[in-house]
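Working notes, structure below.
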Amino acid sequence: MFSPEGPSLRELAVQALSSVERGYDLLAPKFDHTPFRTPDSVLDAVGAALGRLGTFDQGLDLCCGTGAGAEVLTRVCRHGVTGVDFSAGMLAVARERVRSARPRVSWVRADARALPFAPAFDLVVSFGAFGHFLPRELPGLFTQVHSVLRPDGRFAFPVVAPPPPASRAYWMLLGFDAVMRVRNAVWRPPFVMYYRAFRLPDVRRELERAGFQVELHPLPEFGRRRDGSPRVRMVVARRLP
Ligand SMILES: C[S@@+](CC[C@H](N)C(=O)[O-])C[C@H]1O[C@@H](n2cnc3c(N)ncnc32)[C@H](O)[C@@H]1O
C-alpha cells in the first residue's frame, strides 16, 4: 500500500486496531513512506514563514513523530531543538534519522497532554497531529503549550482549508471519520484520529481562552481557493506576557 516501502494493508489494519501510541510504534519503521508524514512542501512553506518572523532560541516540535518538524526548527532556532512524542518507536526512528543536525535535537518521550517542561521554549510547532485529540481535549492541550512557552513565545502550525462539500476530498474525509467513529464504538482501545474535528474558528477561540493572541499567515506557496481564501495558513499564537 502507498509505496513498495510503505506498510501493507494488513499491517495498517493491525495498527488501526491498536491504541494511538502502539499503532505508531508499529508503523514507525515505515512511517516516512506513508502520506501521514507531513509533506516537504508544507514543511518548507512553514519554515519559510517562520523565517520571516525572525530567529528563535529554543524550539519544540510537539508530537514530532519521526522528526519532520524538528528538522524545520533547526533552520530557525539558534540554540536548541526538542522533539516530544509518546511513541517510543517514532522517537527511535527520529533519533536515527536526525542525528547530525545543528543545533542538536533532543528527543523526549511524553504525552502532549502532560508536558514535562518548564517555560523554556520561544517557539513550539506541531504538524499533522491535531486529529489525535478530541475537541474537548484542546483547552488542556493549548494550556500545556502555553505553560512551556516563555512570555511572548509563539505556537505555530499549518491549517489546511476544509475541502468544499461538492469535492471528492470532502466525502473521503467524511467517510474516514465515520469509519473511525464506528471502529471506536465497537473496539477497545480507541484510536482517535478524526480529520474533520479540528476547525479553525474553534481552535482560534480555544487558543485565545488559553492566553494566546492569534494571527493567521496565508502560505502563498499553496495559492487560494475559488472564493479567494488561502488554501493553507499558518496559525501563529503568541503567548501574552
Ligand atoms: C501523523 S503523526 C505526525 C508526525 C510528524 N509530526 C509529522 O508531521 O510527520 C502523529 C504523531 O503524533 C503522536 N501523538 C499522538 N497523540 C499524542 C500525544 N497525546 N502525545 C504525544 N504524541 C502524540 C503520534 O505518536 C505520532 O508520532
Side-chain angles (χ1 to χ4, degrees), residues 2-3 5-7 11-12 15-16 18-47 50 59-75 81-98 101 105-117 121 123-145 147-148 155-160 173 176-177 180 184 189-198 219 232 234-235:
F2 305 136
S3 77
E5 296 103 331
E11 286 171 320
L12 273 182
Q15 286 143 18
S18 314
S19 66
V20 176
E21 185 182 334
R22 175 84 186 124
Y24 277 106
D25 281 346
L26 294 170
L27 184 59
K30 297 186 175 179
F31 178 77
D32 285 344
H33 303 288
T34 71
F36 308 129
R37 182 200 186 261
T38 300
D40 287 341
S41 55
V42 175
L43 298 167
D44 290 343
V46 170
L50 291 173
L60 176 70
D61 181 11
L62 186 77
C63 302
C64 62
T66 54
E71 282 183 307
V72 172
L73 287 177
T74 62
R75 299 178 211 158
V81 171
T82 302
V84 64
D85 200 286
F86 68 4
S87 159
M90 296 292 268
L91 288 172
V93 176
R95 201 170 278 121
E96 192 55 35
R97 226 178 47 76
V98 193
V105 183
S106 315
W107 305 102
V108 175
R109 182 166 178 229
D111 194 314
R113 294 164 292 194
L115 291 173
F117 305 115
F121 299 98
L123 177 61
V124 176
V125 295
S126 195
F127 294 90
F130 292 119
H132 294 304
F133 299 91
L134 295 169
R136 65 169 182 271
E137 293 178 305
L138 288 186
L141 182 68
F142 294 161
T143 301
Q144 284 294 300
V145 175
S147 74
V148 303
F155 178 31
F157 51 88
V159 174
V160 179
L173 298 187
F176 181 94
D177 284 7
M180 270 295 164
N184 286 332
F191 190 99
V192 172
M193 175 63 224
Y194 297 114
Y195 281 104
R196 298 176 69 251
F198 193 74
L219 296 180
V232 186
M234 180 172 77
V235 173

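Throughout, residue positions are numbered sequentially from 1 according to the sequence presented. In each ligand, atom 1 is the first atom listed, and ligand 1 is the first ligand listed.
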Determine whether any heavy atom of Gly131 lies closer than 4.0 Å to an atom of ligand 1.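 Flag not set, Gly131 not near ligand 1.
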Taking the minimum heavy-atom distance to atom 26 (C) of ligand 1, which of Leu141, Asp85, Leu115, Leu91 ranks first?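 Heavy atom nearest to atom 26 (C) of ligand 1 belongs to Asp85.
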Counting heavy atoms only, name the option from Ala68, Gly128, Ala112, Cys64 that's nearest to atom 5 (C) of ligand 1.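 That would be Cys64.
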Would you check whether [X] has a nitrogen or oxygen atom less than 3.5 angstrom from a nitrogen or oxygen atom of ligand 1?
X: Val20; answer: no
X: Phe36; answer: no
X: Thr66; answer: no
X: Asp111; answer: yes
X: Asp61; answer: no

Applying a 4.0 Å heavy-atom criterion (strictly less than), which segment of Ser126 is in contact with ligand 1: side chain, backbone, both, or neither?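 No part of Ser126 comes within reach of ligand 1.
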For residues Tyr195 and Met180, determine if any side-chain heavy atom of one lies less than 4.5 Å from a side-chain heavy atom of the other.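 Result no, sub-4.5 Å side-chain heavy-atom pair not found.
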Flag the pair Asp32 / Arg97 as yes when at least one side-chain heavy-atom distance between them is below 4.5 Å, and no otherwise.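 A side-chain contact exists here, since the closest heavy-atom pair is under 4.5 Å.
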Using the ring centroid of each side chain, check whether Tyr24 and His132 are separated by less than 6.0 Å.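 Yes, they do, as the ring centres are separated by less than 6.0 Å.
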